[in-house]
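Notes to accompany the following structure.
Quick caveat, the model's predicted, so the values are computed rather than measured.
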There are 2 protein chains.
Amino acid sequence: MITSDASERLIESTRELLWERGYVGTSPKAIQQRAGAGQGSMYHHFSGKPDLALAAIRRTAEEMRGKAEEQFGGPGTAVERITAYLRRERDVLKGCPVGRLTQDPDVMADPALRAPVDETFVWLRGRLGEVLAEGVARGELSAALDPAATAATVVAVLQGGYVLARAADSTAPFEQAVDGVLGLLAAHAQSTAS
Amino acid sequence: MITSDASERLIESTRELLWERGYVGTSPKAIQQRAGAGQGSMYHHFSGKPDLALAAIRRTAEEMRGKAEEQFGGPGTAVERITAYLRRERDVLKGCPVGRLTQDPDVMADPALRAPVDETFVWLRGRLGEVLAEGVARGELSAALDPAATAATVVAVLQGGYVLARAADSTAPFEQAVDGVLGLLAAHAQSTAS
DNA sequence: GTCTATAAACTGATAGAC
DNA sequence: GTCTATCAGTTTATAGAC
């Protein structure tokens, strides 16, 4: 078996559909069809739509943290690592698979479904705050910079950049927003001719 | 008559439900119930759900532009007006009624419904760009600042701030993101002891 | 303008056979 | 584990009376 049993295919199909259509817009039937599984199979492996969505959301959140850490834990100065993170290849027009869930009322209303979304952004802001604090400590960034607030700004630029890109049906505003925040950050960079 | 006929109540109910639950999550039945109108009434005034949604979205977009212009066209320096805009009283946890529509696949798939969303953000970025360019021209802001890119960043911080606030079920990350971008912008401010 | 009746398809399951 | 049958309720309308 090549690790693609029905349970696995159901989770992956749910991840795709949650990203494309959100929780409210995704029906069990659509999931089953994409996964090539029947009703009986789905309800054997999962108690229902919320249970399956939870498995899908947890996996997506974990994947997102892993990808972000690739840039945060990489080489370079704080600004270099944040630039690498912001300019990383992304499916901009599809948006953020975790962030889009915040617009799903049924996800936000269910504490179990909401938890992984909350935790992802808490972690992301915290980790970015660490990178920025490191930059300040090393003298790469001005001491006037507030690491926690700036971390929230950087995450917000990404999430908001997706919104602008989808509204425009173009990646251009996303890239502009990223350029803008990096331009602002550059003014806080200290010239450390080490 | 106090300008609250059935047509009017249907549009206002749709505006509320689109904000709370999105297009996919809003049924004609729910709209009718909130408006206190029957099926016949709704289908007499509007050809269907998309037609009613279009009227609702257009009104919401227009209202959003009007509110933004209150701050952009107000007194003060560029940074003061942008600060007023970002710190304006908002229902942060409800998010942006226009921005949330970008996550609605059925809205983005319909050119008529999508147009007012697109136009709103084009206008918003353009208008903010003008304010920033004015700040540069007046010597309030560094000439190194890119008005168009920074405008996209400011709009993205707002839209992303809503995402972070909803994920956390708290306005705190929104306020942090706003503080962060204003802190970065302050570094670009020129000391003009006029 | 608004009402009620009707309807075909979909939603989110449960039940029990295989 | 997976299948088919069934089901109560919802969705998005249309038709025609009032």
- Query: Hey, is the main chain of B:Ala78 close enough, under 3.5 Å, to the side chain of B:Glu140 for a donor-acceptor pair?
  - Reply: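 Here the side-chain-to-backbone pair exists.
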
- Message: For B:Glu63, run the side-chain contact (heavy atoms from CB on, under 4.5 Å) check against B:Arg59, B:Arg65, B:Lys67 and tell me which one passes.
- Response: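 Testing each of B:Arg59, B:Arg65, B:Lys67 against B:Glu63, the sole residue satisfying side-chain contact (heavy atoms from CB on, under 4.5 Å) is B:Lys67.
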
Does a side-chain N or O from [X] land closer than 4.0 Å to OP1 or OP2 of [N], or not?
X	N	answer
A:Lys49	C:dG12	yes
A:His44	D:dC3	no
B:Lys29	D:dT11	no
B:Ser27	D:dT11	yes

- Task: Give, for atom OG1 of A:Thr14 and atom CG of A:Leu54, the distance between the pair rounded to the nearest 0.5 Å.
- Result: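 Between A:Thr14 OG1 and A:Leu54 CG, I get 11.5 Å after rounding to 0.5 Å.
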
I need the [atom1]-[atom2] distance between [X] and [N], as an integer number of Å.
X	N	atom1	atom2	value
A:Asp106	C:dG12	CG	C1'	13 Å
B:Gln32	D:dT11	CD	P	10 Å
A:Phe46	C:dG12	CZ	C1'	16 Å
B:His45	C:dT2	NE2	P	4 Å
B:Asp51	D:dA13	CG	C1'	14 Å
A:Gln39	D:dA5	CD	P	12 Å

- Message: Applying side-chain contact (heavy atoms from CB on, under 4.5 Å) to B:Val155 and B:Phe121, what does each step give before you reach the verdict?
- Response: CA-CA 8 Å; B:Val155 179; B:Phe121 286 113; 4.0 Å; yes

